[in-house]
2 protein chains.
Amino acid sequence: MATRAEVAKLAGVSEATVSYVITGNRKISIPVQKRVQKAMDKLGYRPNRMAQALAGGKSRVIALLFPTAARGVAHVDLEYGLGAAQAAQDLGYHLVMWPTLDRSVQEVIATAKSGLLDGVILMEVALHDERVEQLKDVGIAVGLIGRTATEFGDEVFADRDFDTAAHTALNYIAGLGHKEVAFLTEKTRGKPVVVAALTRTKQAMKAAGKLYGVNVKNFESTTDPDDGAKLLAPILDEIPKITAVISLNPGAMVGLLQETNSRGISVPGRLSLLSMATPESFVSATSPRLTTISPPAYEMGDSAARRLIAHLEGTGVENLPPQLWAGELVVRETTGPAQA
Amino acid sequence: MATRAEVAKLAGVSEATVSYVITGNRKISIPVQKRVQKAMDKLGYRPNRMAQALAGGKSRVIALLFPTAARGVAHVDLEYGLGAAQAAQDLGYHLVMWPTLDRSVQEVIATAKSGLLDGVILMEVALHDERVEQLKDVGIAVGLIGRTATEFGDEVFADRDFDTAAHTALNYIAGLGHKEVAFLTEKTRGKPVVVAALTRTKQAMKAAGKLYGVNVKNFESTTDPDDGAKLLAPILDEIPKITAVISLNPGAMVGLLQETNSRGISVPGRLSLLSMATPESFVSATSPRLTTISPPAYEMGDSAARRLIAHLEGTGVENLPPQLWAGELVVRETTGPAQA
DNA sequence: TTGAAAGCGCTAACAC
DNA sequence: GTGTTAGCGCTTTCAA
């Protein structure tokens with residue numbers, strides 16, 4: 001682990017010059033650059049990040065908060081994390097995994113104050129998410145996967161494009177002749193927070209339903225597949241006109257699908273099933289395989305990280321990936337024409 | 001962001017004394033301890049981690065390498081990561097997510113040399129895993145989820161107890177009257193590495209098969225569910241005596257299950273299915289739900305991290321969680337008595 | 001039982 | 001275009 005002093009000596013320049021060659025923050029003559037570069041290569045020099053962080057006041061480390069309580073951790077969270085971690089790495093940053101049981105940001109704040117963390121990425125964002133204020137109040141940069149009620153202010157985020165997703169879903173479903181659709185969401189009574197995505201999707205589905213002449217009725221369930229299964233009877237018996245189910249609740253959706261299988265109800269003959277929140281890797285386990293229009297989690301994680309880092313560095317917002325992602329409709333085996 | 005100097009001043013002691021109160025590396029009189037503590041509380045003092053790292057030569061940061069190429073990233077990897085991250089946090093460490101496309105450790109080594117990383121946790125360990133040597137050669141501490149061929153040397157790892165897992169599986173299967181069993185593994189021809197778990201499980205299954213009087217025949221497939229599906233015909237037609245399938249290949253297993261569904265083959269009537277590698281969160285998506293005996297990934301991640309950190313700190317190995325984990329048999333809907 | 005002080009390896013302001 | 005130097009906030013040795 002060569003130090004800057006050794007490089008400077010070998011290159012016959014001052015230590016500062018070595019630093020300036022690295023950062024490019026100063027004009028250095030080509031010959032000197034070459035000499036310094038050669039010395040660094042020969043010594044296998046890497047600047048000490050801890051010294052950089054101490055002297056420069058930034059660690060180039062960000063944290064990704066995993067809310068582990070809410071509903072267990074979903075696979076989609078891993079994909080957010082992978083996208084964000086890869087982006088961070090590409091930009092010379094690092095991403096630490098930060099599991100939180102209770103959505104408390106106490107400890108992250110303390111750690112940021114200790115100089116380890118330059119910023120934080122939040123998931124499962126609520127419309128009015130106090131974590132955002134708490135973090136910003138103490139000067140910690142915040143990036144969101146999701147977004148609060150703030151209407152496109154200065155928030156740093158990547159989120160789903162709920163309107164487009166809802167339109168895509170209902171356009172497709174209406175095109176198959178479905179007129180009466182159940183919309184399956186997560187039960188939030190008694191929950192400490194309502195994730196903004198839920199509210200936004202509900203609104204978007206309502207609007208899109210009107211647009212495409214589809215009657216959308218909301219059903220709620222926990223994320224437990226067994227609870228989803230219990231919804232099949234009410235949907236089919238009480239409201240026989242319903243021929244399709246669109247779900248924002250992946251757990252309930254797979255339960256519902258299992259129940260159709262075990263009760264011998266034809267999917268998609270009697271009932272079409274479309275999931276708006278099931279990661280692809282999960283789909284392979286369902287049978288028949290779910291038609292989905294799911295968020296591109298890896299890309300959203302990438303976008304959130306790049307945006308947060310751009311914010312930290314004061315870089316412009318050109319050349320950044322999109323903020324809003326609709327997700328692609330992937331037609332598989334659970335959707336088909338409405339029955340006559 | 002109070003500094004140590006401010007604390008020292010407020011407490012009326014030297015800066016060194018503040019440090020010693022924190023680390024406990026020196027005997028400090030009770031009254032002084034109290035004064036320092038009070039000053040720290042009042043100022044909300046947190047030692048600067050970058051300064052600690054620079055002066056102390058350790059960052060208290062470890063990385064978890066996610067091999068993203070091999071087979072996509074599995075959900076089980078998230079659980080390893082969560083367990084490891086939580087353990088790290090509990091011990092005052094932090095865990096950075098490190099996606100790697102190609103199992104190269106070049107970049108991690110460079111980053112460790114830069115002082116950011118004290119150690120590394122590896123997954124998908126091969127019997128002869130060159131990464132381990134490469135890292136150790138440059139003095140980076142290594143922890144494994146899995147293990148190499150080294151017979152219980154000084155390796156720091158948490159791994160499955162393949163023998164117990166195989167015994168549990170075959171004892172259960174034999175108890176149901178199955179005599180001829182297919183063992184489904186991942187095809188490794190052309191793969192750059194063979195994960196040690198595969199070799200070890202094959203051996204363990206062979207031995208356990210003998211013990212319980214079960215004939216175990218190995219089948220291979222990629223992890224693509226479609227490939228798994230294609231295995232159903234050979235298994236049933238060519239070797240009709242087979243009445244159960246045990247799988248170490250979760251992708252192929254769900255494909256097989258889907259194929260039984262679509263071909264109307266009764267599970268577990270005609271064929272019992274037991275997965276040795278499907279995380280619980282995944283099981284809820286299968287129908288019928290898979291019987292599993294899967295590795296306790298969260299706990300294994302926790303164990304690997306705690307062991308690595310104990311190694312870094314030179315702490316003893318008492319009070320550490322187990323190295324070997326068999327996993328619990330969870331009987332669900334895909335296993336039953338062998339047909340007559 | 002406590003204090004003083006020499007680093008740790010950088011960044012960046014200042015000087016030439 | 002390059003060098004000098006004062007920190008950044010700690011750990012730890014040496015001295016008292």
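These figures come from a predicted structure and were not determined experimentally. The chains referred to below are lettered A, B, ... by the order of the sequence lines, with proteins before strands, and numbering in each begins at 1.
For Y45(B) and dC10(D), the shortest distance from a side-chain N or O to OP1 or OP2 is below 4.0 Å. In this structure, S29(B) reaches the dT2(C) phosphate: one of its side-chain N or O atoms is under 4.0 Å from OP1 or OP2.
Atom P of nucleotide dC10(D) and atom CD of Q52(B) are separated by 7 Å, given to the nearest angstrom. Taking atom CG of L43(B) as the reference point, atom P of dG9(D) lies 14 Å away to the nearest angstrom. Look at CD on E15(A): it is 16 Å from P on dT2(D), rounded to the nearest Å. Rounded to whole angstrom, the span from the CZ atom of R26(B) across to the P atom of dT1(C) amounts to 11 Å. Per the geometry, CG belonging to L54(A) stands 8 Å off C1' belonging to dC10(D), to the nearest Å. Following rounding to the nearest Å, K9(B) (NZ) and dA4(C) (C1') show an atom-to-atom distance of 18 Å. Straight-line distance from the NZ atom of K58(A) to the C1' atom of dA12(C): 12 Å, rounded to whole Å. Spacing between atom CZ of R35(B) and atom C1' of dT1(C) amounts to 12 Å, rounded to whole angstrom units.
Remark: side-chain polar atoms of R307(B) are paired, donor with acceptor, to backbone N or O of P321(B) under 3.5 angstrom. Put simply, the side chain of D118(B) gets close to the backbone of S59(B): a donor and an acceptor are under 3.5 Å apart.
Paired with V120(A) under the rule side-chain contact (heavy atoms from CB on, under 4.5 Å), one option of L135(A), V132(A), T111(A) passes, and it is L135(A).
Judged purely by distance below 3.5 Å, without hydrogens or angles, the side chains of Q33(B) and Y20(B) never pair a donor atom with an acceptor atom. Counting only N and O atoms by type, the side chains of D129(B) and T148(B) include no donor and acceptor under 3.5 Å apart. For the 3.5 Å distance criterion, the side chains of D90(B) and Q86(B) qualify, holding a donor opposite an acceptor.
Both A16(B) and T3(A) lie close to DNA chain C; mapped to their nearest nucleotides by heavy-atom distance, the more 5′-ward contact belongs to A16(B).
In this structure, the nucleotide among dG3(C), dT13(D), dG9(D) sitting nearest to the side chain of Y20(B) is dT13(D). You'll find that the side chain of K27(B) is closest to dT1(C), out of dC10(D), dG1(D), dT1(C). Comparing atom distances between the N25(B) side chain and each of dT12(D), dA15(D), dC10(D) picks out dT12(D) as nearest.
Near DNA chain C, meaning a heavy atom under 4.0 Å from it, residues 105-114 of chain B has no residue at all.
The environment of K136(B) atom NZ is dense: over 12 non-hydrogen atoms of other residues, nucleotides or ligands sit within 6.0 angstrom.
At the heavy-atom level, I28(B) lies under 4.0 Å from the strands shown only through sugar-phosphate atoms.
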